[in-house]
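These notes are about the structure you will find just below.
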Amino acid sequence: MRIASFNINGIKARLPRLIEWLEETRPTVACLQEIKTQDEGFPADAFEKIGYHAIWHGQKSFNGVAILADGVTPVETQRGLPGDDEDDHARYLEAEVKGVRVGCIYLPNGNPHPGPKFEYKLRWMERLRAHAETLWRDEVPTALVGDYNVIPEDKDVWSPRAMAADALMQPESRDAYARMLGDGWTDAIDTLNPRGGVWTFWDYQAGAWQRDHGFRIDHLLLSPELADRMEAAGVDKEYRGREKSSDHTPVWVDIRD
DNA sequence: ATGCCGCATCGAATGCGA
């Protein structure tokens with residue numbers, strides 16, 4: 001099975017591109033971030049037409065996540081990240097699909113740093129780690145995938161210097177991500193590309209795509225049950241170059257049955 | 001130091017992203 005993640009930056013603006021990607025690459029599960037729509041506006045019919053069933057967690061204007069599955073309906077296991085009743089951002093959705101549990105993550109950006117948004121990011125990462133530990137204990141094959149908004153190491157960015165002040169690569173952000181890896185989660189793309197140089201995001205501005213000024217912030221974290229079954233992982237880079245593209249590319253991992 | 005581009009929103013200027 002293929003588990004994919006795609007920060008689409010607006011599901012309405014991106015719908016033709018999204019349908020195209022689903023039909024061309026046919027992931028078993030697709031986790032979407034930044035759908036930027038309320039629940040009522042989610043275009044479920046368009047996905048049903050091509051054989052995908054979906055669950056979604058929307059919000060007005062920004063954020064919002066969804067999980068699509070090929071031929072089956074995802075069985076929802078969690079809506080919203082536990083640990084803070086005051087947090088109403090739609091950034092986490094979790095479901096079981098064909099024996100695999102998948103968490104769809106849209107981690108806070110955290111800019112500007114320092115400031116309250118950065119503090120929110122760090123608190124969110126602590127909550128994510130705590131929730132991940134409860135999942136871990138179930139010993140269910142689990143993937144936590146999505147836009148982590150963390151550049152894990154200097155090898156994951158075109159210019160560490162240019163990005164040095166950004167919340168995405170502050171030591172606190174990196175440490176929080178590293179702690180999850182330390183808990184035993186496997187970063188699929190990094191494991192298969194240990195020398196780095198793989199990007200999943202290119203800014204719309206300043207010709208970043210044309211200059212290949214990108215970085216890696218979309219991650220696929222696998223529990224040991226899944227990491228043992230990993231066959232391949234990659235980035236669908238060409239989609240970044242198409243008309244009306246997202247600023248992110250899809251990422252995916254293939255798991256043996 | 002800031003904007004660059006793009007999406008969203010009761011309609012234009014602003015919030016947000018990374």
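None of the values given here were measured: they were computed from a predicted structure. Quick note: numbers below take in every heavy atom, side chains included, and nothing from hydrogens, waters or symmetry partners.
- Within the 3.5 Å criterion, the main-chain N or O of A:Ser61 finds no donor-acceptor partner in the side chain of A:Gln38.
- Each of A:Ile217 and A:Tyr204 lies near DNA chain B, and the nucleotide nearest A:Tyr204 is the one positioned closer to the 5' end.
- Residues A:Glu34 and A:Ser246 are not in side-chain contact: their nearest non-hydrogen atoms beyond the backbone lie 4.5 Å or more apart.
- At whole-Å resolution of the value, CZ in A:Arg216 and C1' in B:dA18 are 16 Å apart.
- Nucleic acid contact class of A:Arg17 (heavy atoms, under 4.0 Å, all strands): none.
- Computed from coordinates, the A:Ile8 CD1 to B:dC16 P distance equals 20 Å when rounded to whole Å.
- With a cut-off of 3.5 Å on both Watson-Crick or G-U wobble distances, the partner of B:dA13 is given as B:dT9.
- The distance between atom CZ of A:Phe118 and atom C1' of B:dG17, rounded to the nearest whole Å, is 16 Å.
- Separating the P atom of B:dC10 from that of B:dG6 is a span of 23 Å, rounded to the nearest Å.
- Contact annotation: the side chain of A:Leu81 never approaches that of A:Asp87 to less than 4.5 Å [non-hydrogen atoms, C-beta and beyond].
- With A:Cys104 as the fixed residue, the side chain to side chain contact (heavy atoms under 4.5 Å, CB included) test singles out one of A:Val29, A:Leu68, A:Val145, A:Ile67: A:Ile67.
- Only the P atoms considered, B:dC4 is 14 Å distant from B:dG15, to the nearest whole Å.
- Comparing the P positions of B:dT14 and B:dG3 gives an interatomic distance of 12 Å, to the nearest angstrom.
- Remark: side-chain polar atoms of A:Lys121 are paired, donor with acceptor, to backbone N or O of A:Asn109 under 3.5 angstrom.
- Residue A:His248 places at least one side-chain N or O under 4.0 Å from the OP1 or OP2 atom of B:dA18.
- Across the protein-nucleic acid pair, A:Phe215 atom CZ and B:dG17 atom C1' stand 10 Å apart, rounded to whole Å.
- Nearest nucleotide to the A:Gln205 side chain, out of B:dC16, B:dC5, B:dA18: B:dC5.
- Distances shorter than 4.0 Å separate none of the side-chain N or O atoms of A:Asn111 from OP1 or OP2 on B:dA18.
- Taking the six-membered ring where tryptophan is involved, the planes of A:Phe42 and A:Phe47 are tilted, since the angle between them lies from 30° to 60°.
- Heavy atoms of A:Asp247 sit nowhere under 4.0 angstrom from any nucleic acid atom.
- Counting non-hydrogen atoms under 4.0 angstrom, A:Lys121 reaches nothing in the nucleic acid.
- Between the CG atom of A:Asp203 and the C1' atom of B:dT2 there is a distance of 14 Å, rounded to whole Å.
- Nucleic acid contact class of A:Tyr106 (heavy atoms, under 4.0 Å, all strands): sugar-phosphate only.
- As a whole-Å value, the separation of A:Asn63 CG from B:dC7 P is 17 Å.
- Only the P atoms considered, B:dA12 is 34 Å distant from B:dA1, to the nearest whole Å.
- Backbone-only contact: A:Asn7 has heavy atoms under 4.0 Å from sugar-phosphate atoms and none from a base.
- Base pairing of B:dG3: no nucleotide in any strand meets the Watson-Crick or G-U wobble criterion (both distances under 3.5 Å).
- Figure legend: A:Arg242 and A:Tyr239 shown as a cation-pi pair, the cationic atom lying under 6.0 angstrom from the six-membered ring centre and within 45 degrees of its axis.
- Comparing the P positions of B:dA13 and B:dT2 gives an interatomic distance of 23 Å, to the nearest angstrom.
- In this structure, A:Asp218 places its CG atom 13 Å from C1' of B:dG17, rounding to the nearest Å.
- With distances taken from any side-chain atom of A:Ala206 to the nucleotides B:dC4, B:dA18, B:dG6, the minimum falls on B:dC4.
- One interatomic measurement links the two molecules: CG of A:Asp166 to P of B:dC16, which rounds to 16 Å at whole-angstrom precision.
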Distances under 3.5 Å between nitrogen or oxygen atoms of protein and nucleotides 8-12 of chain B:
{"unit_1": "B:dC10", "atom_1": "OP1", "unit_2": "A:Lys60", "atom_2": "NZ", "d": "3.4"}

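- For the atom pair CD1 of A:Ile105 and CG of A:Asn149, the computed distance is 11.5 Å after rounding to the nearest 0.5 Å.
- Annotation for A:Asp212 and A:Trp158: closest pair O-CB, 3.9 Å, computed over non-hydrogen atoms.
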